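In what follows, a structure is listed as C-alpha cells, so that the remarks can point back to it.
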Number of protein chains: 2
Amino acid sequence: MTVTPLDRRSPVPLWAQLLADLRRRVAAGEFADGFPTDEELRQSYRVSRQTVREAARRLQAEGVIVRQRGRGSTLAGSVLEQPLQALYSLAGRAEDLGLPEHSEVLAQRREQAGDAAEPLGIEVGAAVVYVERLRFVGDEPLSLHRSWLPAALAEGLLGCDLASGSLYDALAETCGVRVTGGWERIRPGVPTPELRRLLGVRRGGAVFEVERLATAGGVAAEWRESVIRGDRYSFRADWSAL
Amino acid sequence: MTVTPLDRRSPVPLWAQLLADLRRRVAAGEFADGFPTDEELRQSYRVSRQTVREAARRLQAEGVIVRQRGRGSTLAGSVLEQPLQALYSLAGRAEDLGLPEHSEVLAQRREQAGDAAEPLGIEVGAAVVYVERLRFVGDEPLSLHRSWLPAALAEGLLGCDLASGSLYDALAETCGVRVTGGWERIRPGVPTPELRRLLGVRRGGAVFEVERLATAGGVAAEWRESVIRGDRYSFRADWSAL
DNA sequence: ACGTATTTGTTCGTATGTATT
DNA sequence: CAATACATACGAACAAATACG
C-alpha cells in the first residue's frame, strides 16, 4: 500500500495531488505488472472517476501511459519523445488566425513508391500520387511539404487545384477519403542549400523537420515529409499547477 | 444564428462536432466581439457543460482560445505558434522512464544580471545565481541548460549539489521556493562548434533551442536557455477523430 | 474598499456507448 | 455472448478568480 492519502483541504486540486502521487509511483517502478484501472484508482484514493480521469488524461498527454478502451491503461515504452499537440493542419491554423494562405505547387504527378512504400504499407513500385507544395502564409514562404498517397485512394488528386487550402479537404472532396487520424514526429534540422533558397532561410538558419502518417479509417492515406522555417514558427507551452 | 445543429445519432462525439463548428465559426471571423461563455454555448447547442468543456479544452490546447476564471474565454489572436505539452522537467521524464540521469555542473556562481534581467523582471546588474549544467541520460549527453535565478530567491542554490535531479527540486528543498508555472518556447537551431563538441553532435546535426521562464507564485524564479540534441529527442503527436 | 454577479475550475453522482478480452 | 474498461454525456453543486456597481 504505497498510496499517499490526498488532502481535501489543500488548495491543490485533487487531480493534481493524484497526478503527483502517480508520477512518484511510476518513477519508483511500481506498475511493472500493469497500471491500475480507473475504478481501482477511484477506490484506492477515494475520489470520483472524474478526478481519476483528469489525472490520467494528463499522464497520457505526457506520454507516461497509454489508455485504450476495453484494454486499460499501460505504461508507455521508454523513448525520449515528448507528446505534442498535433500540427494537423497548418492551412487551417493560418486560416483560423485570419492570415492569407496559398501554395505553390512544385509537383503533382504519379510515381512509383520508393521510401514511402514502407510507412504507407504498400509494395515498393506500387503507384502513388506525389505532391510537393511550397506553402506561403502572407507573402513569405513558411514550409515545404512532400506528400505520397496511394494512387488507389488518391488518384483523383492529380486533376485537383492545390494552390490553396488543405490537402485533406481536397482529398475528402475529390476522392471521398476522410482523414481520421495519424501521427507525426518533429525534429530540428539544417536545410540543404536548395531548401534554404526555396524557403528563404538565411545562412545559419534552422528548420523543423516533420514526418507524418495520416490514416483514413485505419488505412494509411498519406506519408508526408515537411520542412518548416524555424524563424517563422515555434512551439510554445504554458504550464501551471504542477 | 450560425449555430450548426449537432447530430446525436452520429458516431462522432458531440464534443467533436461542437469543436468542428466552433473552429468553423472562428475561421469565419464570428467572435470578434468576444467568445461565448460555457453557459451560452450550452444553451445554443443544447448540450451539457461537460460537452462544452471538452470542446473548449481542445480549442485551448490548440491555442485558439484562452480561458480564464472569472473572465471568460477570449480568442487568442496570435502568432504562428503551436501549443505544446510542457517539457517541464526533463530529469523527471527520464526518471519516470527509469533511465539513469546525471549532470555535469559547468558553472554554479553568483553573477550580475545581464540579458536575463528583462525576462526575470529585475534590474540589470542585480545579483543572480547562474547555473550551467550538461545533462546526461544514460552515458551520452542530451542537453545543456543555462539558468539564471534571482539571488534574492535562490541564494541557497550556490551551496547545493546539482549533479543529479531536477533544479526545481533543489530549489524547493534548499530555498523553499516551489515553481508553480511558466512557459517555454521551442525552436530549431544549429549548434555552435563548442556546443557541438560538448553535446557530441555530429557535423550537420541540429538541436532544439528552448527558452523558459519559470514562476513561483506569480514571481519570476528562473530564466533558462537550453539546447537539446535533435538526434536523441523528438516530439510526437498522435491525433484522431478530428 | 466592499459586496455581488459572472465565469471558469473542480468534484461529485449516474447512465450509456463502444472496443477489447 | 459476457465481462471488463475506457469514452461520452447528462445533472448538480461549490470554489476561486475576475469584473462591476
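Below, chain A is the first sequence line, B the second, and so on; all start at residue 1. Remember, predicted model here, so these are calculated numbers, not experimental data.
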| What is the distance, rounded to the nearest whole Å, between atom CZ of R8(A) and atom P of dC14(D)? | 16 Å
| Separation of atom CD in E54(A) from atom P in dA15(D), rounded to whole Å | 19 Å
| With respect to the phosphate group of dT21(C), does any side-chain polar atom (N or O) of R71(A) fall under 4.0 Å of OP1 or OP2? | yes
| message | With a 4.0 Å limit, can you tell me whether S73(A) has a side-chain N or O closer than that to the phosphate oxygens OP1/OP2 of dA5(D)? | response | no
| task | In whole angstrom, give the distance that lies between atom CZ of R9(A) and atom C1' of dA15(D). | result | 16 Å
| query | Taking atom types as modelled, is there a side-chain donor on Q50(B) or E54(B) under 3.5 Å from an acceptor on the other? | reply | no
| task | Using a cut-off of strictly less than 4.0 Å, decide whether T51(B) has a side-chain nitrogen or oxygen near OP1 or OP2 of dC10(D). | result | yes
| field | Between C1' of dT8(C) and CD1 of I65(B), the distance in whole Å | value | 11 Å
| message | So that I can tick it off, tell me whether R187(B) and E209(B) are bridged by a salt bridge, with the cut-off set at under 4.0 angstrom between side-chain N and carboxylate O. | response | no
| Atom CD of Q60(B) to atom C1' of dT8(C): distance rounded to whole Å? | 10 Å
| Would you say a side-chain N or O of R67(B) is under 4.0 Å from OP1 or OP2 of dT7(C)? | no
| query | OP1 or OP2 of dA7(D) less than 4.0 angstrom from a side-chain nitrogen or oxygen of R53(A), does that happen here? | reply | yes
| request: Output yes when E211(B) and R185(B) qualify as a salt bridge under the 4.0 Å nitrogen-oxygen rule, no when they do not. | output: yes
| NA contact type, R57(A), heavy-atom cut-off 4.0 Å: base, sugar-phosphate, or nothing? | nothing
| query | W15(B) CH2 to dC10(D) P: how many Å, rounded? | reply | 14 Å
| said: Using a heavy-atom cut-off of 4.0 Å across all strands, would you classify Q68(B) as base, sugar-phosphate, or nothing? | reply: sugar-phosphate
| When we call it a touch if two heavy atoms are under 4.0 Å apart, what does R42(B) touch: a base, just sugar-phosphate, or nothing? | nothing
